[in-house]
Protein chains: 2
Amino acid sequence: MTSIKDVAKLAKVAPSTVSLVLNHKGYVSEITRKKVEEAVAKLSYVPSEMARNLSLNRTNMIGVIVPEISHPFFATFIREVEVELYRRGYKTMVCSTVQKANAEHAFVNMLRRQTMDGIIMGAHSLELDIYDGLSHPIVAFDRFINENIPIVHADHQSGGRLAAKAFLPHRCHHIVQIMGAREVLTPANVHHEAFIETLTEAGTRVDTLEMAWNAFDPIDFLQTAEQLFNKYPDVDGIFGPDLAICSCMRVAAQRGIHVPENLKLVAYDGTYITRVGQQVITAVVQPIGHLAYMAAEKITSWVNGRPGEKLYALPVTLQKGDTC
Amino acid sequence: MTSIKDVAKLAKVAPSTVSLVLNHKGYVSEITRKKVEEAVAKLSYVPSEMARNLSLNRTNMIGVIVPEISHPFFATFIREVEVELYRRGYKTMVCSTVQKANAEHAFVNMLRRQTMDGIIMGAHSLELDIYDGLSHPIVAFDRFINENIPIVHADHQSGGRLAAKAFLPHRCHHIVQIMGAREVLTPANVHHEAFIETLTEAGTRVDTLEMAWNAFDPIDFLQTAEQLFNKYPDVDGIFGPDLAICSCMRVAAQRGIHVPENLKLVAYDGTYITRVGQQVITAVVQPIGHLAYMAAEKITSWVNGRPGEKLYALPVTLQKGDTC
DNA sequence: TTGAAAGCGCTAACAC
DNA sequence: GTGTTAGCGCTTTCAA
């Protein structure tokens, strides 16, 4: 391997000078700069990132933990985060947790070991004690972890209300909402309360169906949909995560229930999946790009020592579709 | 930062002994092992990955380059690759290229700089010269890069035939296939030829619509669908990538064309998106899990010095759906 | 403006 | 079995 010393030798300068040239630091005379650049070119020298990392005590790597990378919501989030981090000079390492027992734990240990400078944590973990006493940069994505960890999330309160208001003019009699597991501590849980509150005030019956914390497979959603129609045959409105609503549309079609005539549907999240079917699904849209921007911004500024300011919930919007 | 020396000092042993204990290497007496472990615990010492990397000249990090992380096909691929790499003790770094001008170039440079040990390259790059003379471990995912780079891909020849055979019994008169840009050098291109061949042999007219190399947004596919129905009003069969077929279903529905009665649809890829709509889309399914497994296997064995054996195309399957 | 030298924290060859 | 020592390749004072 050709190292900085080889370059120095060939250019007849000191390694430190080569370092200065390569990093555009300090003052280097035009003539030595040229010499160094020539030597670099001649040897086609490429500096070692590992050595640099050790010396600087930095990796410029940020880890992103999510329950399931391939889920449209997280996939889009990761895409956006990766772009934002790249802009700021950081690399993105990913980790999907639902398929791997305690990968989250392993990942957090990597943070300790300085494999990365910080992490954006969005997994649906149930064991939060692994974060206790950790002083490394961590930003939570739509998750409560502990008091020291700032959290980036959408304004789920408005989200719940927005969804409820979408149903209101249609005077549904019986709405069922599908929700994730309550045991997962996420600010997203408030949207259910806001939803129920707004609708029950208006006199609508609302029932709730809770899913498992690790349900991400389309199969899981299909089962839930079947279950829902069996348990509540008179349902005329459903509110739930994108994929759950997709499954409900399928099952409704199979049972001859017409959407939106006999059944109103509103999805929560509003990922692209609500826009690729035959009907556009009416949905509360989480601002994934904005969330990703904030997550990237907060984690990198923490890595650089700047304390994170308080974060206000990011605004959600309603996507007018064909299903409600 | 507490280092291996501090542990050694506290345990009254040499740093190398601590290293042996930590890495479960060589022979260490039970008694000194205990001493070391106690010291580690007392100092809550965590070894530095950066120092280890430099010393071992290894990062245990694999980069995965794709055009678009959030696309269902790539999102699923990355999920599977990440799981497979994790099993083998590697971390996964991702890079999405369509949004970032020459990120691919930057990424390949990271390989040179030893930021990662190897990369799995699946981007739709048009400039392949950046790979010339690169001797680092690279495995191409469904892309031709150059002679030295092994390639993991599905059996697209069978894929094209399988799709054609799905149409055959329905005796379509005019089938249109939507394809990616020909300028992207991918083994996937053969499926179009196999498709046309099989159908024209049977006397069916087949037209082809080519999309831009960087088309990944649902919007792009919707435009293509509109264009298709305008240009070929008599079309009664469409073959194309999952998202293109989704868009065609939407546009067909808007125009009152019934699927499958008046229009047969077959998708290529068969990602989960073909399974979340009201109708299951008939599709040729690429074995994403298998592809990911092979990609992970080949890149890690190359990193470990074992030469990659030749790879045979991985088998595809047909998903019987409601659309053909 | 440049060079010498001391790390960064770990591993591994080689003695003992 | 365990310790000594010399790196891995870079950055960064501090002198000159």
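Counting non-hydrogen atoms under 4.0 angstrom, A/M50 reaches nothing in the nucleic acid. As judged by a 4.0 angstrom heavy-atom cut-off over every strand, A/L56 is placed among residues touching the sugar-phosphate backbone only. Counting any heavy atom pair closer than 4.0 Å across all strands shown, B/S3 reaches sugar-phosphate atoms only and no base atom.
Aromatic ring orientation, B/F216 versus B/H124: tilted (interplanar angle from 30° to 60°).
Side chain of B/I4, nearest nucleotide from C/dC10, C/dT2, C/dA5: C/dC10. With C/dC8, C/dC10, C/dG3 as the choices, the nucleotide that has an atom nearest any side-chain atom of A/S55 turns out to be C/dC8.
Checking A/R58 against A/N304 by side-chain atom types alone, a donor-acceptor pair falls below 3.5 Å. One side chain, A/Q99 or A/E68, offers a donor N or O that lies under 3.5 Å from an acceptor on the other. Looking only at atom types and distance, the side chain of A/N60 has no donor-acceptor partner in the side chain of A/R88 under 3.5 Å away. Side-chain atoms of A/E104 and A/S125 include a donor-acceptor pair closer than 3.5 Å. Defined by atom type and a distance below 3.5 Å, a donor-acceptor pair is missing between the side-chain atoms of B/T92 and B/E82.
Nearest-nucleotide positions on DNA chain D for A/V46 and B/A14 put B/A14 closer to the 5' end.
Near DNA chain C, defined here as any heavy-atom distance below 4.0 Å, the residues from residues 18-43 of chain B are B/S19, B/N23, B/K25, listed numerically.
Inter-residue side-chain proximity for A/R143 and A/I149 is flagged as unmet; no heavy-atom pair is nearer than 4.5 Å. Side chains of B/V66 and B/F73 form no contact here, defined as non-hydrogen atoms less than 4.5 Å apart.
Look at A/S16 and you won't find any side-chain N or O under 4.0 angstrom from OP1 or OP2 of C/dG3.
The residues B/E84 and B/R87 are annotated as salt-bridged, a charged nitrogen and a carboxylate oxygen being separated by less than 4.0 angstrom.
Rounded to whole angstrom, the span from the CZ atom of A/R58 across to the C1' atom of C/dC8 amounts to 15 Å. Between B/L54 atom CG and C/dT11 atom P the separation is 11 Å, expressed in whole Å.
A nucleotide of DNA chain D counts as in contact with chain A when one of its atoms lies under 4.0 Å from a heavy atom; the first and last such, 5' to 3', are D/dG9 to D/dT12.
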